[in-house]
Structures are given as C-alpha cells and as structure tokens.
J.: 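Below are the structure tokens for one structure; questions will follow.
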Amino acid sequence: MSSETTATTSSTEQPGKRKAVLIAITAAFLVAGAAWAAYYQLVLSREEVTDNAYVGGNLVTLSAQVTGNVDAIRADETQMVKAGAPLITLNAIDADLALSQAQARLGNVVRQERERYASVAQYDAVIGQRRLALATAQGNLARRAPLAADHTISGEDLAHAKQAVDDAKAALTVAQRQAESAKAGVSGVNLASHPAVLSAKGDVLQAWLAVRRNAVVAPVSGYVAKRSV
C-alpha cells in the first residue's frame, strides 16, 4: 500500500515540474525579446549600415608661411589635435639671426636720430654765441668810429673793427644755415615717429613674425586627414 502511494505521488509531481520549467523558459525568451526590442529601438534603429558611406566635414589645408627645414613633425594622419597645437616646427636659426640683426639696426637708427635731435640744440646754442659775437663786434665798431673821425685811432684799427663785424655776420649766417639743415630732418616729428625709426621698427616686426611663423599650428580642433610633410 505504501509503495503504491509513493508511485502515485511521483507521477503527479513530474508533470508539475515540466510545466514550471516550460514557464521559466518561456519567461526567459520573453525577457530576452524585450531586451532585444529595447536595444533595437535605442541603438540599432539610429544606425545605418551601407557599403557606400562617407563622412562629411570641413577640410582645412595648412601650409608654412615661411620657408625652412623641418625640425619636427608633431602630428600624423588620423591623429586628433586641438586648436593652437603645433603640428610642424621649422628650423629657427636663420629667423632668430635675422631678428637679432633687425633689432641691432633699430638700435643704431635710434642712436643716430638722437644725435641729430641733439645737434639741433647744439646749433641753436652756436647761433646764440654767434649773435653775441656780432653784437660785441658791432659795439666795438660803434665806439671806434667817432675816434677815427677825430684821428684818435688809426684807420687801420677802424678797418679791423669793420672786418670783425663782417666776420661775425658771416659766422652767424653759417650757423643759421647749419641749424636749418639739421632741423629739416627732424622738424615736426618726434623720435618715436621718425620715418627712419618706423622703418627699422617695421623690419624688427617682420623678423619677429618670421620667428613666430616657424611653427605651423592647428587653427581649429580636428583630425589630421592627410599629411604630406
């Protein structure tokens, strides 16, 4: 009696277990299907697969603004670069030398022009001296003229006094002409705005730009598409 009861119970449990397994398998398939549907909706539906695709973008062509030998290549094809990053550097020895020479020329021009400005003041001082000498000579002549009329002094002394006045006038004229010549090159303009100084400053700026242009930098962020350096 006992063995029959056990056999009956086992036969009853087996269909129940099979049903539970089938339900579990069905639930797993449903969950997998729901996961696949969500993945397709969120990811796969936004992608497109084709054998004839291309990528569009802005192509920026770069080239060095100065000539020179390449010292270093700092970016290669497909590499990501940031805006302002150096891509190519050129040998800067010649550019540095040109900058040093331009700076030296600027210094020489400034010194020369300072001397010219200083010479104007010197000529003005000389004119003052020449005018004083002329006034002295004219005073001596004015004192001697009445004495010569009374024969108190000789005619030779009077002639010497007249010659001194003429010499003083001539010296004053020469000093005035020299001052005019010196002022012609600096009149109406200060040292910093003098054409010679501005020209030398322009040479320095050009040489400085040549030094800065020895590096080819990325104007925008992006990927290196093709390098031909």
Side-chain angles (χ1 to χ4, degrees), residues 60-75 81-142 161-221 229:
V60 180
T61 302
L62 300 180
S63 61
Q65 295 178 288
V66 295
T67 59
N69 297 322
V70 175
D71 265 358
I73 300 175
R74 304 183 183 277
V81 294
K82 297 293 185 180
L87 306 179
I88 305 295
T89 55
L90 304 180
N91 190 289
I93 294 178
D94 293 338
D96 291 338
L97 179 59
L99 177 59
S100 299
Q101 292 175 343
Q103 290 172 336
R105 285 194 298 270
L106 175 60
N108 290 332
V109 169
V110 171
R111 284 191 292 271
Q112 291 173 358
E113 294 305 321
R114 280 178 177 173
E115 291 176 357
R116 295 181 64 182
Y117 278 90
S119 67
V120 171
Q122 292 176 352
Y123 283 123
D124 289 339
V126 172
I127 289 175
Q129 293 176 350
R130 296 292 183 263
R131 285 175 177 170
L132 180 60
L134 176 59
T136 301
Q138 290 174 336
N140 291 335
L141 177 59
K162 291 180 179 180
Q163 185 63 45
V165 172
D166 293 338
D167 292 343
K169 288 181 179 180
L172 176 59
T173 300
V174 171
Q176 289 173 337
R177 296 293 183 270
Q178 290 176 338
E180 291 173 358
S181 177
K183 291 178 180 179
V186 298
S187 179
V189 61
N190 56 30
L191 179 62
S193 301
H194 195 278
V197 175
L198 292 178
S199 178
K201 288 174 64 177
D203 293 340
V204 172
L205 178 58
Q206 185 175 2
W208 178 81
L209 286 175
V211 172
R212 294 292 301 270
R213 289 170 177 170
N214 276 315
V216 179
V217 299
V220 294
S221 299
V229 178

J.: State, to 0.1 Å, how close L62 and A218 come at their nearest heavy-atom pair, and which atoms those are.
T.: CD1-CA, 4.5 Å

J.: Please check if atom CG in N190 has more than 12 non-hydrogen atoms from other residues, nucleotides or ligands closer than 6.0 Å.
T.: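 Enclosed: over 12 neighbouring heavy atoms sit under 6.0 Å from CG of N190.
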
J.: With rounding to the nearest 0.5 angstrom, report the CG to CD distance, D124 to Q129.
T.: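 Here the rounded value is 11.5 Å.
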
J.: Quick one: does Q103's side chain get under 4.5 Å of W208's, heavy atoms only?
T.: no

J.: Heavy-atom distance under 4.5 Å between the side chains of V81 and S221, does that happen here?
T.: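 Side-chain contact under 4.5 Å: no.
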
J.: Quick one: are Q178 and Q122 in side-chain contact, heavy atoms under 4.5 Å?
T.: no

J.: Do V220 and V60 touch side chain to side chain, with heavy atoms closer than 4.5 Å?
T.: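 Result yes, sub-4.5 Å side-chain heavy-atom pair found.
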
J.: Could you measure the distance from the CD atom of Q206 to the CZ atom of R213? Nearest 0.5 Å is fine.
T.: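 The distance works out to 8.5 Å.
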
J.: Just verifying a value: how many Å separate L99 CG and D203 CG, rounded to the nearest 0.5 Å?
T.: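 Rounded to the nearest 0.5 Å, the CG-CG separation comes to 11.0 Å.
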
J.: What's the shortest heavy-atom distance between A179 and I127, and which atoms?
T.: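 Closest approach of A179 to I127: CB-CD1, 3.6 Å.
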
J.: Indicate yes or no for a side-chain donor-acceptor contact from S181 to the backbone of R177 under 3.5 Å, with no hydrogens or angles considered.
T.: no

J.: Could you check if a side-chain atom of P86 sits within less than 4.5 angstrom of a side-chain atom of V216, using non-hydrogen atoms only?
T.: no

J.: Could you state the interatomic distance from CG (L209) to CD (Q65), rounded to the nearest 0.5 Å?
T.: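 If we round to the nearest 0.5 Å, L209:CG and Q65:CD are 9.0 Å apart.
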
J.: Determine whether a donor-acceptor pair (N or O, by modelled atom type, separation under 3.5 Å) exists between the side chain of S199 and the backbone of P195.
T.: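 No.
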
J.: What I'd like to find out is whether the side chain of V110 reaches to under 4.5 Å of the side chain of L191, using heavy atoms alone.
T.: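 Contact flag for V110/L191 side chains = yes.
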
J.: One pair to check against side chain to side chain contact (heavy atoms under 4.5 Å, CB included): H194 and Y117. What are the steps and the verdict?
T.: CA-CA 11 Å; H194 195 278; Y117 278 90; 3.9 Å; yes

J.: Are more than 12 heavy atoms, taken from residues, nucleotides or ligands other than I93, located less than 6.0 Å from that residue's CD1 atom?
T.: no

J.: Calculate, to the nearest 0.5 Å, the distance between atoms CG and CG belonging to D167 and L134 respectively.
T.: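 These two atoms lie 10.5 Å from each other.
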
J.: Does any donor atom in the side chain of N108 or R105 lie under 3.5 Å from an acceptor atom in the other side chain?
T.: no

J.: Taking all atoms of both residues into account, what is the closest heavy-atom pair of A83 and P219, and its distance?
T.: CB-O, 3.9 Å

J.: Checking side chain to side chain contact (heavy atoms under 4.5 Å, CB included) for the pair K201/L205: CA distance, chi angles, key distance, verdict?
T.: CA-CA 6 Å; K201 288 174 64 177; L205 178 58; over 6 Å; no

J.: Would you name the heavy atoms of L172 and R131 that are closest together and state the gap between them?
T.: CD1-CG, 3.5 Å

J.: I want to check something: taking the side chain as every heavy atom from C-beta on, are N214 and T89 in contact at a cut-off of under 4.5 Å?
T.: no

J.: Would you please test E113 and V109 for side chain to side chain contact (heavy atoms under 4.5 Å, CB included) and show each step?
T.: CA-CA 6 Å; E113 294 305 321; V109 169; 4.2 Å; yes

J.: Are any of the side-chain heavy atoms of L90 and D71 separated by less than 4.5 Å?
T.: no

J.: Please determine whether side chain to side chain contact (heavy atoms under 4.5 Å, CB included) holds for the pair R74 and I88, giving the CA-CA distance in whole Å, both sets of side-chain angles, and the decisive distance to 0.1 Å.
T.: CA-CA 6 Å; R74 304 183 183 277; I88 305 295; over 6 Å; no

J.: Can you see which heavy atom on V126 is nearest to which on A175, and at what distance?
T.: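 Minimum heavy-atom separation between V126 and A175: CG1-CB, 3.8 Å.
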
